[in-house]
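A quick write-up on the structure given underneath.
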Amino acid sequence: MSIKYFISDKNDGNLAFHVGDIIENVEKNRENLAKKYSYKNEDMVYMNQIHSDNIVIVDEKSDKLIDNCDAIITNSKNLPLMVMVADCIPILLFDEKKSVISAIHAGRNSTFLEITKKTAQIFIDKFNSNPKDIRAVLGASIQKCCYEVSLEMAKIVESSFGKEFVEGRNIDLQNINRKQLNDLGIKNIEISDICTKCGTSNYFSYRKNSRTGRFAAIITLH
């Protein structure tokens with residue numbers, strides 16, 4: 001049993017149907033990505049992401065598009081899971097010992113609703129994962145340097161999570177997610193330091209340009 005994952009970039013094209021792109025182009029980009037990373041595009045499960053804390057466990061009988069959802073979990077083999085982003089944090093959680101994987105869309109709302117912590121809790125409760133065996137990978141996303149919010153929102157973050165996650169009006173979603181995982185005893189966490197807004201131009205950024213595509217994180221159990 002092995003787990004494979006990757007994070008696409010602009011070179012792989014836009015992977016989302018909901019951003020006004022030509023449907024045939026998106027389908028072609030998804031097909032090319034599947035060939036590049038050796039999985040079947042028709043098997044892939046993805047989400048209609050709504051910035052919620054809705055989490056769905058899927059298998060080979062599930063719909064390929066899971067509606068109203070921001071995290072998907074599976075222990076089915078050869079079922080790629082995809083999360084699409086353009087500033088929000090793409091989070092992959094996995095436990096090789098228990099053969100369970102997840103793709104999470106952690107934007108601001110979902111982070112405040114503790115979606116990452118709740119997903120990890122399902123690993124522990126339903127799949128008997130030991131927190132020490134759960135790994136988390138947080139892909140490129142908007143970082144504290146560029147994630148400015150209203151003063152009111154910054155105060156809410158400070159009172160809800162702690163002042164260490166706020167600098168002026170800028171907030172640190174990556175480390176809020178890290179803390180949520182740490183609270184469950186999960187320490188094996190890899191966080192990209194690439195800011196989608198001011199870092200490399202290899203990734204789509206909604207804050208940089210609201211008419212933009214989506215890149216993705218995809219994980220599969222083999």
Test of understanding: with side-chain contact (heavy atoms from CB on, under 4.5 Å), list the residues that count as partners of [X], not counting sequence neighbours.
X	result
Lys117	Glu114, Gln180, Asp183, Leu184
Asn182	Arg178, Lys187, Ile189
Glu158	Lys163, Val166
Asn130	Lys132, Asp133

Does anything in residues 122-173 form a ring-ring contact (aromatic ring centres under 6.0 Å, His included)? List the pairs, not counting sequence neighbours.
Phe112-Phe161

[X] to [Y] - nearest heavy-atom pair and separation:
X	Y	result
Gly139	Ile7	CA-CD1, 3.5 Å
Thr111	Asn177	OG1-ND2, 3.1 Å
Gln174	Ser141	NE2-OG, 2.7 Å
Ile115	Ala71	CD1-CB, 3.9 Å
Cys145	Cys195	SG-SG, 3.8 Å
Ile186	Ala120	CD1-CB, 3.6 Å

Without swapping roles, check the side chain of [X] against the backbone of [Y] for a donor-acceptor pair under 3.5 Å.
X	Y	result
Lys208	Lys197	yes
Asp87	Tyr206	yes
Asn41	Ala34	no

Check step by step if side-chain hydrogen bond (donor to acceptor under 3.5 Å, both in side chains) holds for Asn54 and Asn68.
CA-CA 7 Å; Asn54 296 343; Asn68 300 333; over 6 Å; no

Under the side chain to side chain donor-acceptor pair (under 3.5 Å) definition, can you give me all pairs with a residue in residues 212-222, not counting sequence neighbours?
Asn78-His222

Pairs in or reaching into residues 3-31: which pass salt bridge (Lys or Arg N to Asp or Glu O under 4.0 Å), with residues at least two apart or in two chains?
Asp12-Lys36

Determine which pairs satisfy salt bridge (Lys or Arg N to Asp or Glu O under 4.0 Å) with at least one residue from residues 41-66, sequence neighbours left out, and list them in order.
Asp53-Lys118

Distance from [X] atom [atom1] to [Y] atom [atom2], nearest 0.5 Å?
X	Y	atom1	atom2	result
Met82	Leu92	CE	CG	12.0 Å
Leu138	Ile104	CG	CD1	8.5 Å
Met44	Leu65	CE	CG	10.0 Å
Thr116	Gln121	OG1	CD	13.0 Å

Just to verify, which of Val45, Ile55, Val83 counts as forming a side chain to side chain contact (heavy atoms under 4.5 Å, CB included) with Ile72?
Val45

Holding to side-chain hydrogen bond (donor to acceptor under 3.5 Å, both in side chains), I want the full list of residues that pass it with [X], two or more places apart in sequence or in another chain.
X	value
Ser52	Asp70
Glu148	none
Gln49	none

Evaluate the criterion side chain to side chain contact (heavy atoms under 4.5 Å, CB included) for residue pair Ser8 and Leu15; output intermediate values, then yes/no.
CA-CA 9 Å; Ser8 74; Leu15 301 170; 3.5 Å; yes

Take Phe6 and Ile218 through the side chain to side chain contact (heavy atoms under 4.5 Å, CB included) test and state the conclusion after the steps.
CA-CA 6 Å; Phe6 66 89; Ile218 297 177; 3.6 Å; yes

Those residues that, when tested against Lys144, pass salt bridge (charged side-chain N to carboxylate O under 4.0 Å, His left out) (two or more places apart):
Glu167

Tell me whether Ile176 is reachable from Met153 by hopping between hydrophobic residues (I, L, V, M, F, W, Y) whose side-chain heavy atoms are closer than 4.5 Å.
yes

